[in-house]
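Presented below is the structure to which this report refers.
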Amino acid sequence: MLPFKLIYSDRYDLNLGAHVFPSQKYRYVRDLLLSDGIAAPENFLAPEPASDDDILRVHTQDYVTKLKTGSLTYGEILRMEVPYSPELIEACWLAAGGSILAAQRALTDGCAGNIGGGFHHAYPAHGEGFCVIHDVAVAIRHAQSTGAIKTAMVVDTDVHQGNGTAAIFKGDHSVFTFSIHQENNYPHPKPPSTIDVNLPDGIGDEEYLSILEKHLHQAFHDFSSDLLFYVAGADPYREDQLGGLALTMEGLAKRDSLVFDYARRNHVPVAITLAGGYARRVADTVRIHANTFVAARDASLVPAS
Ligand SMILES: [Zn+2]
């Protein structure tokens with residue numbers, strides 16, 4: 001059993017049919033955590049959908065109206081790269097509610113995981129790259145609005161740069177954005193995060209981990225945050241279909257441990273979201289995501305004192 005809560009709903013599935021984004025992975029991660037005895041049923045909490053007011057702290061009224069009324073243009077739907085459906089919108093509001101809950105539980109318990117979310121390519125007025133609503137930004141703005149936190153850090157290790165995160169928090173000194181990603185990959189262009197680590201193609205475990213460590217050291221030296229949101233993409237994996245890095249499963253687990261180690265040593269609670277993962281075998285993506293929660297357990301994260 002895990003010493004922290006996991007947020008999950010069967011309705012996280014984005015209803016995509018055959019698609020490179022395996023959104024059934026959320027259910028598989030839940031099932032694997034249970035079948036391997038990593039988590040127990042008591043670990044799981046069901047999210048409420050975010051309110052429209054929550055969503056509107058990040059997204060424009062015009063965009064929200066289009067999403068809710070199904071009146072996006074064809075071009076806007078193409079840019080999202082996921083088919084529009086009422087289930088998709090429900091899943092996005094629910095994932096945002098899940099990240100809000102993960103932030104709340106992280107603050108009380110030291111750590112919490114949303115088995116979903118991490119939609120870091122969503123912008124205030126449009127969606128792109130499989131991302132419609134920026135659940136992490138919604139959760140940070142929610143926690144700031146209640147006074148639960150003043151500052152937050154987003155550490156994004158998805159293979160794709162966190163362009164939506166960078167754009168949303170541009171010029172906001174209360175949120176530090178950190179993205180380590182493959183340079184020669186979507187998105188183009190990459191709006192600047194507080195720290196962007198642009199990696200060359202094909203980098204492996206050892207080099208990746210030493211570069212990550214150097215920049216985490218800098219980030220935690222430069223900024224003190226009340227909450228860390230970890231966007232734990234599974235797609236720096238060497239078998240990923242949309243990534244061009246060459247990390248092994250063990251290397252990815254060490255990556256997670258490194259992030260959690262910095263959080264623990266700096267007394268920063270951690271909310272985890274999953275983000276991307278497009279391994280040839282979906283089971284690999286699922287195992288990488290499950291390993292992130294194992295690394296969080298082993299890190300013994302504690303609430304800020
Ligand atoms: Zn990605």
Side-chain angles (χ1 to χ4, degrees), residues 12-14 16 19-26 28-29 79-82 88 91-92 95 99 113-123 126-137 154-168 177-193 195-204 208 211-212 215 229-249 251-253 255-256 259 272-292:
Y12 275 178
D13 196 319
L14 303 178
L16 302 181
H19 193 284
V20 70
F21 187 103
S23 71
Q24 68 279 21
K25 74 177 182 179
Y26 305 127
Y28 296 164
V29 171
R79 197 172 185 186
M80 290 191 332
E81 296 187 86
V82 283
L88 172 72
C92 293
S99 287
N114 188 8
I115 304 185
F119 295 118
H120 59 157
H121 301 310
Y123 279 72
H126 77 269
E128 62 174 71
F130 316 144
C131 299
V132 179
I133 290 293
H134 200 307
D135 57 288
V136 171
V154 180
V155 172
D156 184 340
T157 62
D158 190 278
V159 80
H160 305 100
Q161 193 243 4
N163 55 344
T165 318
I168 288 165
T177 58
F178 178 108
S179 179
I180 181 168
H181 48 263
Q182 184 189 6
E183 183 168 18
N184 296 318
N185 203 328
Y186 167 86
H188 303 288
K190 298 170 174 58
S193 315
I195 292 182
D196 279 301
V197 186
N198 288 298
L199 299 173
D201 299 353
I203 203 170
Y208 179 98
I211 294 170
L212 174 62
H215 288 92
F229 248 102
Y230 184 33
V231 179
D235 49 12
Y237 182 45
R238 62 182 177 186
E239 300 286 330
D240 198 87
Q241 300 174 89
L242 301 185
L245 300 183
L247 273 74
T248 65
M249 233 178 254
L252 288 160
R255 169 201 71 168
D256 297 336
V259 173
I272 300 163
T273 59
L274 297 188
Y278 316 93
R280 282 172 190 82
R281 290 181 299 267
V282 174
D284 286 356
T285 295
V286 170
R287 175 60 69 184
I288 292 164
H289 285 319
N291 286 346
T292 299

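Counting starts at 1 for both ligands and their atoms, in listed order.
- For the Zn ion (ligand 1), the N/O/S atoms of His120 include none lying under 2.8 Å.
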From CA spacing to verdict: side chain to side chain donor-acceptor pair (under 3.5 Å), Asp235, His160
CA-CA 8 Å; Asp235 49 12; His160 305 100; 3.2 Å; yes
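- Pro191 approaches Pro189 most closely through the heavy-atom pair CD-O, 3.5 Å.
- The closest approach of His160 to the Zn ion (ligand 1), by N/O/S atoms, is made by ND1.
- Atom OH in Tyr208 sits 12.0 Å away from atom OG1 in Thr248 (nearest 0.5 Å).
- An angle of 100° is found at the Zn ion (ligand 1) between Asp158 atom OD1 and Asp235 atom OD2, rounded to 10°.
- Checking side-chain atoms of Asn163 against main-chain N and O of Lys190 turns up no donor-acceptor pair under 3.5 Å.
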